[in-house]
Amino acid sequence: MSGPVNVPTHWYNVVADLAGYVAEERRPALQVGTHGIRPQLPLSIYRQSVSKEPFIEIPPAVRAQYERWRPTPLVRAHRLERLLNTPARIYYKCEAASPSGSHKLNSAVAQAYYYKKAGVRGLVTGTGAGQWGTALSMACAAYGLECIVYMVRCSYEQKPQRRILMELNGAQVLPSPSLTTEAGRSILAEDPDCPGSLSVASSEAHEIAQEGEGIRYSAGSGDNHVLLHQTVIGQEAVAQMQALGDYPDTVVAALGAGSNFAGIAMPFYQQSQITGRPTRLVAVEPRSCPKLTRGVYMWDHHDALGNTPMSKMYTLGHTFIPSPIHAGGLRYHGAAPVISWMYHEGLIDAVALGQSQVFEAGVTFARAEQLIPAPESAHAIAHVIERAVRARETGKAESILFNLSGHGLMDLASYDKYLSGLLESDSAADEDVERALAKLEPARV
Ligand SMILES: *Cc1c(COP(=O)(O)O)cnc(C)c1O
């Protein structure tokens, strides 16, 4: 047994433990549009993104911010276990406890700190469901930075309270695609009803970052440094599980681009390297955006117009616009290069689930545990429930830990749709995916 769990002093860099992975191997952009490419990362963050050191010290000022809400609770879901009548032991790490309501603040405060130190005036970004935009708007408020957020249009319309929250924090919020950028205008010219996507919002944010004086682009997920910042989650979880006298056989997290999955799972990967005791690491993605389970491992851009450099990753193609499902934070066409590499090497698992199963799981969890999960987090819960039911059938009492990446208090309109039987079916989404895969077929080898 150990004493109280502290906020980690270092971030854990999994790249150090991945023999064979080449960090940051990127080809130059095929197309740079009408803008020259201006570097977006301060040297401090760039160094983290290419580092091979296993541990990188968290600056004391950032750690002091973390201490406002960390360590987050790690809770055993006793009532859910009883409800499912399962021998499985189910635990969740509660990132919903952060002031922004999700894990995203872990990287937002770190990035705002480094950009401020580098003399930047403001940050621009793209956001899906609005969780990243909310976190960044809070971090920018804390460090006196301007904040501009391009919010995917379907989420902007589904979740108006997210916009209000960001504006309350002083951010400027625009629905994407918008008429304020060339990227947005060109996409709207082709499809005036485009629901938007994270890759479109990124194209718009990158354009502003190329042109605005003292304005830089800040990424909410996918890049190595963002994954790194999130590892405070898993490091705490390792210590908290030990304090509870248990250890997870399986760790589950939803996957948008990979930061919350990496955040909870990588420290358990590290433990498996040290102790030889394996933990199954499962990423859960939406059936409407199945980059790992159905995408192609290839070089691709991060934004819709192809103005960003390319990374080797599992992708559905940077021009793919997923159906407007309610888990907006998971509507990204690609998986983080590190996560993609680990999946390719068979070091992690992935499953894809449809949204009605996901909302059913979210409601089951809420009624059992009195905590409403974000639709993104409910993806992880749906897979945990699948496993717990299987454990009931096989009698195998596995220990399962999942990341409750955020709460769903801003997603009540989506829950309302589910409860009143108005949730969109997955079949239209399936057709969009088939079309995207057919387009990528020549790239598959
Ligand atoms: C953004 C988000 C996710 C998924 O994002 P990653 O890119 O995989 O980190 C999951 N849950 C919540 C609540 C989110 O806001």
Side-chain angles (χ1 to χ4, degrees), residues 72 92-108 125-138 149 151-152 155 159 162 165-166 197-199 201-202 218-234 251-266 281-286 289-292 302 313-314 322 325-340 343 348 350 352-353 358 362 365 371-383 402-411 414:
T72 56
Y92 61 92
K93 178 72 168 153
C94 192
E95 290 301 301
S98 96
S100 76
S102 82
H103 68 288
K104 298 251 172 35
L105 198 57
N106 297 326
S107 187
T125 196
T127 194
Q131 294 267 23
W132 169 246
T134 302
L136 194 67
S137 70
M138 284 185 172
V149 180
M151 183 172 184
V152 172
S155 292
K159 307 173 203 288
R162 279 278 164 209
L165 190 44
M166 290 183 260
S197 73
L198 271 165
S199 63
S202 301
S218 165
S221 188
D223 290 354
N224 286 9
H225 61 273
V226 186
L227 273 51
L228 176 81
H229 298 156
Q230 294 296 350
T231 58
V232 289
I233 304 171
V251 170
V252 182
L255 185 123
S259 79
N260 98 92
F261 171 76
I264 192 158
M266 295 305 110
L281 308 172
V282 189
V284 188
E285 51 186 18
C289 196
K291 48 244 157 189
L292 285 179
H302 296 267
M313 59 185 178
Y314 279 92
I325 57 162
H326 295 272
L330 307 182
R331 290 177 70 246
Y332 187 65
H333 64 283
V338 176
I339 298 302
S340 293
Y343 185 67
I348 61 170
L353 301 178
V358 162
F365 182 83
L371 207 164
I372 300 164
E376 291 82 4
S377 315
H379 281 72
I381 298 171
H383 181 61
F402 74 92
N403 198 20
L404 190 86
S405 48
H407 69 65
L409 289 174
M410 300 275 166
D411 304 281
S414 302

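Read the numbers this way: they start at 1 and go in the same order the structure lists the ligands and their atoms.
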Residues in side chain to side chain contact (heavy atoms under 4.5 Å, CB included) with Ala262, at least two apart?
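Residues passing side chain to side chain contact (heavy atoms under 4.5 Å, CB included) with Ala262: Leu227, Met266, Ile339.
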Testing the basics here: between [X] and [Y], what is the closest heavy-atom pair and its distance to 0.1 Å?
{"X": "Ala335", "Y": "Leu292", "value": "CB-CD2, 3.8 Å"}
{"X": "Ser98", "Y": "Leu105", "value": "OG-CB, 4.2 Å"}
{"X": "Ala96", "Y": "His407", "value": "CB-N, 3.5 Å"}

Heavy-atom contact check, 4.0 Å cutoff: does His103 meet ligand 1?
yes
Using non-hydrogen atoms of the residue, decide whether Gly258 is closer than 4.0 angstrom to ligand 1.
yes
Would Ser377 and Ser405 count as having a side-chain donor-acceptor pair, cut-off 3.5 Å?
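Side-chain D/A pair, Ser377 to Ser405: present.
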Please report which non-hydrogen protein atom sits nearest to [atom], along with the residue it belongs to and the distance in Å to one decimal place.
{"atom": "atom 15 (O) of ligand 1", "value": "Lys104 NZ, 2.7 Å"}
{"atom": "atom 11 (N) of ligand 1", "value": "Ser405 OG, 2.6 Å"}
{"atom": "atom 8 (O) of ligand 1", "value": "Gly256 N, 2.7 Å"}

For a 4.5 angstrom cut-off between non-hydrogen side-chain atoms, does Phe402 reach Val284?
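No; the side chains remain at least 4.5 Å from each other.
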Would you indicate whether the side-chain heavy atoms of Cys289 and Ile325 approach each other to under 4.5 Å?
no
With a 4.0 Å heavy-atom cut-off (strictly under), which part of Asn260 contacts ligand 1: side chain, backbone, both or neither?
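Both of them.
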Under 4.0 Å, heavy atoms only, figure out whether ligand 1 is touched by the backbone of Gln230, its side chain, both or neither.
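Looking at Gln230 and ligand 1, no heavy atom falls under 4.0 Å.
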Give the ring-plane orientation class for His302 versus Tyr332, where under 30° counts as parallel, over 60° as perpendicular and anything between as tilted.
parallel
Considering only heavy atoms of [X], which atoms of ligand 1 have at least one such atom less than 4.0 Å away?
{"X": "Leu330", "result": "4 (C)"}
{"X": "Ser221", "result": "6 (P), 7 (O), 9 (O)"}
{"X": "Gly406", "result": "13 (C)"}
{"X": "Leu255", "result": "8 (O)"}
{"X": "Gln131", "result": "13 (C), 15 (O)"}

Please say whether Ser259 places an N or O atom under 3.5 Å from an N or O atom belonging to ligand 1.
yes
Can you check whether Ala374 has an N/O within less than 3.5 Å of an N/O in ligand 1?
no
Results of salt bridge (charged side-chain N to carboxylate O under 4.0 Å, His left out) for Glu95 - residues two or more places apart only
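Partners of Glu95 under the salt bridge (charged side-chain N to carboxylate O under 4.0 Å, His left out) test: Arg70.
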